[in-house]
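First comes the structure, then the notes that go with it.
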Amino acid sequence: VQLQASGGGLVQAGGFLRLSCTASGRTFANYFMGWFRQAPGREREFVAAHRWVTAYYSDSVKGRFTISRDNAGDTVSLQMNSLKPEDTAVYYCAVQGKLGNSWSTVDDYEYWGRGTQVTVSS
């Protein structure tokens, strides 16, 4: 299983970016796919997750970020609007390895992408 992420970069506060991540090696249509982020000196934290037609968000990004998946369920995207300097972090996509109903912790996911840097300048 491989997760290939794209997107990220440098943007001014108030701007937007879009991240995408495609999983290959097996089918993940019924599994949670999610995004986490990790800022320097901090633990990796949950950002958003998606399964079937339902999306879940952390309070810090709710209303600004939108997670979506393609029809096959193997590509997950994260549209990030109204970015703030505190959104600066390395963003990781992840997918469950087995079916489960929990989605917001690192331990809920088995497969991880390599991370992509998002930097928001003030």
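Note that the structure is a prediction, hence the values are computed from the model and not measured. Positions are given from 1, in the same order as the sequence printed here.
Linking Ile, Leu, Val, Met, Phe, Trp and Tyr residues whenever their side-chain heavy atoms come within less than 4.5 Å places Val106 and Phe32 in a single cluster. Under a hydrophobic clustering in which Ile, Leu, Val, Met, Phe, Trp and Tyr are joined whenever their side-chain heavy atoms come within less than 4.5 Å, directly or via other members, Leu99 and Val95 fall into the same cluster. Under the 4.5 Å side-chain heavy-atom criterion for grouping Ile, Leu, Val, Met, Phe, Trp and Tyr, Leu19 is connected to Val120 within one hydrophobic cluster.
Taking all atoms of both residues into account, the shortest heavy-atom contact from Ser122 to Ala13 is CA-CB, 4.4 Å. Between His50 and Ala55, the shortest heavy-atom distance links the atoms CD2-CB, 4.1 Å. The shortest heavy-atom contact between Phe28 and Val1 is CZ-CG1, 3.7 Å. The minimum heavy-atom distance linking Gly9 with Leu17 is given by the pair O-CD1, 3.9 Å. Between Glu110 and Gly97, the closest heavy-atom pair is OE1-CA, 3.2 Å. Nearest approach of Val118 to Gly8, heavy atoms of both residues: CG2-CA, 4.0 Å.
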Tyr111 vs Arg26, side chain to side chain contact (heavy atoms under 4.5 Å, CB included): CA-CA, chis, key distance, verdict:
CA-CA 11 Å; Tyr111 305 107; Arg26 52 182 276 198; 3.5 Å; yes

Would Tyr56 and Phe46 satisfy ring pair (Phe, Tyr, Trp, His ring centres under 6.0 Å), going step by step from the backbone distance to the final call?
CA-CA 10 Å; Tyr56 305 85; Phe46 169 74; 8.0 Å; no

Trace of the side chain to side chain contact (heavy atoms under 4.5 Å, CB included) decision for Asp87 with Arg64
CA-CA 11 Å; Asp87 294 317; Arg64 300 187 297 121; 2.8 Å; yes

From CA spacing to verdict: side chain to side chain contact (heavy atoms under 4.5 Å, CB included), Val76, Ile67
CA-CA 7 Å; Val76 63; Ile67 188 171; 3.5 Å; yes

Can you check side chain to side chain contact (heavy atoms under 4.5 Å, CB included) on Val11 and Phe16, steps first, answer last?
CA-CA 7 Å; Val11 65; Phe16 63 91; over 6 Å; no

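Distance alone, capped at 3.5 Å, places no donor-acceptor pair between the Asp74 side chain and the Ser24 backbone. With Asp108 contributing its side chain and Ser104 its backbone, the two residues share a donor-acceptor pair below 3.5 Å. Not one N or O on the side chain of Thr116 forms a donor-acceptor pair closer than 3.5 Å with the backbone of Ser6. Of the possible polar contacts, none joining the Thr22 side chain to the Gln4 backbone as a donor-acceptor pair under 3.5 Å is found.
Distance check: Arg69 CZ to Cys21 SG gives 10.0 Å after rounding to the nearest 0.5 Å. Put simply, CG on Asp70 and CE on Met33 are 8.5 Å apart, with the number rounded to the nearest 0.5 Å. To the nearest 0.5 Å, atoms CD (Gln117) and OG1 (Thr88) are separated by 7.0 Å. Atom CG of residue Leu3 and atom OH of residue Tyr109 lie 11.5 Å apart, to the nearest 0.5 angstrom.
For Phe36 and Trp112, the ring centers sit closer than 6.0 Å to each other.
A donor and an acceptor atom, one from each side chain of Ser77 and Ser68, are nowhere located under 3.5 Å apart.
In this view, Glu86 satisfies the side-chain hydrogen bond (donor to acceptor under 3.5 Å, both in side chains) rule with no residue, not counting sequence neighbours.
Residue pairs meeting the side chain to side chain donor-acceptor pair (under 3.5 Å) criterion with at least one partner in residues 90-101, sequence neighbours excluded, are Arg37-Tyr91, Arg51-Asn101.
Salt-bridge annotation for Asp59 and Lys62: present, with a side-chain N of the basic residue lying under 4.0 Å from a carboxylate O of the acidic one.
By the 6.0 Å contact criterion, CG on Asn71 is open, its count of non-hydrogen atoms from other residues, nucleotides or ligands being 12 or less. Counting heavy-atom neighbours within 6.0 Å of Arg114 CZ, excluding the residue itself, gives a total of 12 or less.
Counting heavy atoms from C-beta on, the side chains of Phe65 and Asn81 never come closer than 4.5 Å. Under the 4.5 Å side-chain criterion, counting only non-hydrogen atoms from C-beta, Asn30 is in contact with Trp52.
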